[in-house]
2 protein chains.
Amino acid sequence: MNGTAPMYKATQRPEAEAQLRTLERLETVCRARGRRVTRQRRAVLRALLAEGGALTAYELLERLRVEDGRSTPAGVYRALEFWMAAGAVHRLESTRSFILCEHPEAPHPGQLLICRECGQVVETEDKGVAAAAHRLGEQLGFVLDRHLVELTGVCGSCRARGRAAEPGRRPA
Amino acid sequence: MNGTAPMYKATQRPEAEAQLRTLERLETVCRARGRRVTRQRRAVLRALLAEGGALTAYELLERLRVEDGRSTPAGVYRALEFWMAAGAVHRLESTRSFILCEHPEAPHPGQLLICRECGQVVETEDKGVAAAAHRLGEQLGFVLDRHLVELTGVCGSCRARGRAAEPGRRPA
DNA sequence: GCGCTGATTGATACAATATATCATTTCGCG
DNA sequence: CGCGAAATGATATATTGTATCAATCAGCGC
Ligand SMILES: [Zn+2]
Ligand SMILES: [Zn+2]
Ligand SMILES: [Zn+2]
Ligand SMILES: [Zn+2]
């Protein structure tokens, strides 16, 4: 059954390599700005990378404590804040969790598509959505600097698997 | 209990009348579904209406307690959940607060524009944004049923007031 | 009106999420 | 090394949201 839509399933994290290269780049940028990439911060990034998806701050904390029993909520939130400022981590407002950015090369107005069945999160940089949002802001006289778009539903593979569920859903 | 005179606070804003008419309609709809519009639920709606903007659950609680000292967090959240299910209230994820829906006539994928200076929130039903989001979902094989768009920035009147700020901003 | 039934509330406790503070340690650098 | 900025550790606390269950209320058939 792998013939249908294995597009995102993909192999065991092919992005991992790229993510690690990205980490090095981030590190360089941070140092240039007088900020440091420390053990704790690296640990947070590694945990998110290993998870391959979103984690809440306290789930992250549990994982960090396996390696370092002294980890605290404050530490986790500090590291998360650091990476969010660097553009390497996003916060999913609708699930109060955190996830690695899939395009950390540059700041970007991204969109997050969330599957409520399997928890998968896909990050996009869709020009259409971004442009429409920007246009809307202009129409209303706003100068926007934060762009939060989280779209929740059911992904293709979950729909393929769960034919037992009701076919008729009403978008709300 | 004291006589529950339904003296709705004199209308301070123009939409208030329409909102109150909408309340009656909601009430009818709710009854038709075996749900009740009670004193406590009405109080939550009135408080949001009087505020004219977003309130956190606990800010709401403070206000309710002025009139009824027995109000509790659970009660506030229950009422909010009730109205959100009815489509009369939205939760602003980015500020963890709640606001009246400006178009409660029907379910809708809306967008919220938030001014970080004055806290103003404008709700829109922009076809362009909604269509772009829907298209994006289709491209990625998602069937979406929740549409969260919160755009934050500075509104026109705040910009007019605060000319001291820097003119060149980069949307992120 | 009377009692039945399910919806709603009251009261309390608790869970989950996030931040404040300050003494101490580490890092980068001259 | 020794300085100052950055980061952490430790602790406490603030904020936001739920669970539980007995008591009460509203609608309904009688
Ligand atoms: Zn990103
Ligand atoms: Zn899925
Ligand atoms: Zn609305
Ligand atoms: Zn404003």
Side-chain angles (χ1 to χ4, degrees), chain A residues 26-45 47-48 54-86 88-99, chain B residues 1-4 6 26-48 54-65 67-86 88-99 150:
Chain A
L26 282 167
E27 199 152 340
T28 306
V29 172
C30 289
R31 281 193 216 282
R33 294 196 296 158
R35 319 225 51 195
R36 305 168 195 166
V37 178
T38 62
R39 196 174 46 84
Q40 193 168 224
R41 288 171 178 172
R42 240 188 288 260
V44 163
L45 224 47
L48 285 172
L55 288 173
T56 70
Y58 280 76
E59 285 169 347
L60 211 33
L61 177 59
E62 282 179 48
R63 283 158 175 70
L64 296 197
R65 277 187 165 154
V66 172
E67 306 245 318
D68 181 348
R70 291 172 309 175
S71 299
T72 62
V76 171
Y77 280 103
R78 283 190 291 225
L80 287 169
E81 190 180 9
F82 175 85
W83 289 121
M84 287 192 289
V89 165
H90 296 302
R91 183 195 150 95
L92 282 92
E93 299 290 344
S94 45
T95 57
R96 289 156 224 195
S97 59
F98 301 84
I99 193 166
Chain B
M1 295 58 173
N2 46 16
T4 52
L26 282 167
E27 197 152 342
T28 306
V29 172
C30 288
R31 281 193 216 283
R33 292 197 296 161
R35 320 226 47 197
R36 303 169 197 166
V37 178
T38 63
R39 196 173 47 85
Q40 192 167 227
R41 289 171 177 173
R42 239 188 287 261
V44 162
L45 224 48
R46 279 216 317 275
L48 285 172
L55 288 173
T56 69
Y58 280 76
E59 286 169 345
L60 211 34
L61 177 60
E62 281 179 49
R63 283 158 175 70
L64 296 197
R65 277 187 166 154
E67 306 245 321
D68 181 348
R70 292 172 309 174
S71 299
T72 62
V76 170
Y77 279 102
R78 284 190 290 224
L80 287 170
E81 190 180 9
F82 176 84
W83 288 120
M84 286 192 290
V89 165
H90 296 301
R91 182 196 150 95
L92 282 92
E93 300 290 345
S94 46
T95 58
R96 290 156 226 193
S97 59
F98 302 85
I99 193 165
E150 295 181 17

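The structure presented is a predicted model; accordingly, all values stated were derived computationally and were not measured. Chain letters run A, B, ... following the sequence lines, proteins first, then strands; residues in each count from 1.
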Check your understanding: Can you check the B:Arg65 CZ to C:dT9 P distance for me, whole Å?
Key -> 16 Å
Practice item. With axes from five pairs an end, tell me the bend angle of the helix from C:dG1-D:dC30 to C:dG30-D:dC1, nearest 10°. Key: 30°
**Study point:** Separation of atom CZ in B:Arg41 from atom C1' in D:dC25, rounded to whole Å
**Key:** 12 Å
Study note, to complete from the structure: With sequence neighbours left out, the residues meeting salt bridge (Lys or Arg N to Asp or Glu O under 4.0 Å) with A:Arg39 are A:Asp68
Study note, to complete from the structure: Contacts of A:Glu27 meeting salt bridge (Lys or Arg N to Asp or Glu O under 4.0 Å) (sequence neighbours excluded), chain-then-number -> A:Arg31, A:Arg42
Exercise for review: Please state how far atom CG in B:Leu64 lies from atom P in C:dT9, giving the value in whole angstrom units.
Suggested key: 12 Å
Practice item. Look at the side chain of B:Arg35 and decide which nucleotide, out of C:dT8, D:dG9, C:dT17, has an atom nearest to it. Key: C:dT8
Study note, to complete from the structure: Counting primed atoms, P, OP1 and OP2 as sugar-phosphate and everything else as base, the B/S/- map of nucleotides 19-30 of chain C against protein heavy atoms under 4.0 Å is BBB----BBS--
Point to revise | Under the side chain to side chain contact (heavy atoms under 4.5 Å, CB included) test, residues paired with A:Thr38 that sit two or more places apart | key: A:Arg36, A:Gln40, A:Arg41
Exercise for review: Kindly write out the residues that satisfy side chain to side chain contact (heavy atoms under 4.5 Å, CB included) with A:Ala74, not counting sequence neighbours, or none if the list is empty.
Suggested key: A:Thr72, A:Arg78
**Study point:** Separation of atom CZ in B:Arg39 from atom P in C:dG10, rounded to whole Å
**Key:** 6 Å
**Study point:** Nearest-angstrom distance from the residue atom CD of B:Gln40 to P of C:dA11
**Key:** 11 Å
Check your understanding: Please give, in whole Å, the distance from C:dT8 P to B:Phe82 CZ?
Key -> 6 Å
Revision key, fill the gap. Taken in chain and number order and not counting sequence neighbours, the residues that satisfy side-chain hydrogen bond (donor to acceptor under 3.5 Å, both in side chains) with B:Ser94 are B:Glu150
**Study point:** side chain to side chain contact (heavy atoms under 4.5 Å, CB included) against B:Ser97, all qualifying residues, sequence neighbours excluded
**Key:** B:Ala54, B:Thr56, B:Leu92, B:Thr95
Practice item. Please report, rounded to the nearest Å, how far the P atom of C:dT17 is from the CG atom of A:Leu55. Key: 12 Å
Practice item. Kindly compute the distance separating CG (B:Leu48) from CG (B:Leu60), expressed to the nearest 0.5 Å. Key: 5.0 Å
Practice item. Could you list the residues that satisfy side chain to side chain contact (heavy atoms under 4.5 Å, CB included) with B:Arg91, not counting sequence neighbours? Key: A:Arg96, B:Met84, B:Glu93, B:Arg96, B:Phe98
**Study point:** Spacing of CD belonging to A:Glu59 relative to CD belonging to A:Glu62, to within rounding of 0.5 Å
**Key:** 7.0 Å
Point to revise | Between D:dA10 (C1') and A:Asp68 (CG): distance, integer Å | key: 13 Å
